[in-house]
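Remarks on the structure that follows.
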Amino acid sequence: MVNQPDQSAQGEQKYPPLERIPQHVGIIMDGNGRWAKARGLPRTAGHRAGTENLRRVLRAAVEFGIPILTIYAFSTENWGRPSGEVQALLSILERVIDRELAELHAEGVCLRHIGHLERLPARLQQKVRDAIELTRNNRRLILNVAFDYGGRAELVDAIRRIIADGVPAEQVNEELVSRYLYTAELSDPDLIIRTSGEMRISNFLIWQGAYAEFYVTPTLWPDFDKDELYKALVEYNRRQRRFGLVPES
Ligand code: IPE
Ligand code: IPE
Ligand code: MG
């Protein structure tokens with residue numbers, strides 16, 4: 001699965017190596033509902049298709065040499081959806097763990113979770129914890145799953161813990177806040193991809209993504225494939241990251 005550029009039938013490289021590979025990519029996996037609607041299917045069928053798709057995107061991420069992937073699977077606001085859809089999303093998460101964990105582990109994926117676990121059914125919480133524990137030493141790909149995640153909730157949690165730890169006001173700085181976030185041990189995302197054409201951040205990594213390059217594709221998440229990921233990486237390579245400074249001469 002490592003960095004082997006694909007060869008087309010003509011012997012040309014389909015995915016020529018890129019100069020810069022983002023160290024951390026965030027994906028807002030959006031458009032499952034519209035994908036289903038376009039096919040006359042229930043929204044949950046779209047979520048299932050989106051979950052199937054995850055496998056190929058993970059494989060592609062490893063092939064392109066992306067070390068950290070954070071996927072937005074369920075937001076704090078998504079609890080407000082009809083309960084049937086929420087239940088379906090919870091059971092999809094459970095099924096993914098049941099069916100895919102062994103293979104993810106064998107492929108060297110380190111699973112992590114950001115967000116809250118307490119609102120999940122106790123059995124599912126335990127499965128998530130066990131999956132994290134099992135894969136904790138894997139290093140091929142860190143797969144950070146944002147489930148019951150919201151960037152604002154993350155900041156509120158950080159502020160509460162900073163206060164609870166009795167940190168003096170003058171010691172509170174950006175570096176300290178970052179250490180109190182769910183992503184404390186991870187670098188900030190370099191690239192955030194959103195599928196389905198929506199041009200908003202929807203409460204995803206609002207602190208960490210301050211200087212992430214933002215890439216939006218109209219493709220709906222279940223249709224987002226290796227070619228699409230490569231296109232996002234090509235576009236990332238065209239971007240000039242300035243971080244508020246003047247352009248390089
Ligand atoms: C993304 O797809 C998955 C979740 C938010 C859980 P949506 O369910 O938001 O799909 P659309 O945006 O309605 O098409
Ligand atoms: C963002 O998508 C959350 C996830 C992809 C999990 P939403 O579909 O919930 O976001 P909005 O409602 O379009 O902003
Ligand atoms: Mg959506």
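Just follow the structure's listing: the first ligand is 1, and inside any ligand the first atom is 1. This is a predicted model, so every value here is computed, not measured.
Taking every non-hydrogen atom of R43 and a distance limit under 4.0 Å, the qualifying atoms of ligand 1 come out as 7 (P), 8 (O), 10 (O), 13 (O).
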Working for salt bridge (charged side-chain N to carboxylate O under 4.0 Å, His left out), residues E52 and R48: CA-CA 6 Å; E52 284 296 309; R48 277 198 299 277; over 6 Å; no
Check against side chain to side chain donor-acceptor pair (under 3.5 Å), E213 and Q240: CA-CA 9 Å; E213 293 299 322; Q240 188 187 42; over 6 Å; no
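Not a single donor-acceptor pair under 3.5 Å links the side chain of Y230 to the backbone N or O of A60. When atom types are taken as modelled, the side chain of N53 and the backbone of G50 share no donor-acceptor pair closer than 3.5 angstrom. One N or O on the side chain of Q125 and one on the backbone of E118 form a donor-acceptor pair closer than 3.5 Å.
R241 has its side chain within reach of Y236: a pair of non-hydrogen atoms, C-beta onward, lies under 4.5 Å apart.
Residue contacts with ligand 1: K37 is excluded, as none of its non-hydrogen atoms falls under 4.0 Å.
Checked options I114, L181, D188, I28; the residue passing with L205 is I114 (criterion: side chain to side chain contact (heavy atoms under 4.5 Å, CB included)).
Ring geometry for F243 versus Y211: interplanar angle of 30 to 60°, hence tilted.
Across all their heavy atoms, P222 and R56 have their closest contact at O-NH2, 3.2 Å. The two residues E77 and N203 make their nearest non-hydrogen contact at OE2-ND2, 3.1 Å.
For ligand 2, the protein residues within 4.0 angstrom (heavy atoms only) are I28, M29, D30, Y72, A73, F74, N78, R81, R194, R200, S202.
Counting only protein atoms, the N, O or S atoms lying less than 2.8 Å from the Mg ion (ligand 3) are D30 OD1, ordered by chain and residue number.
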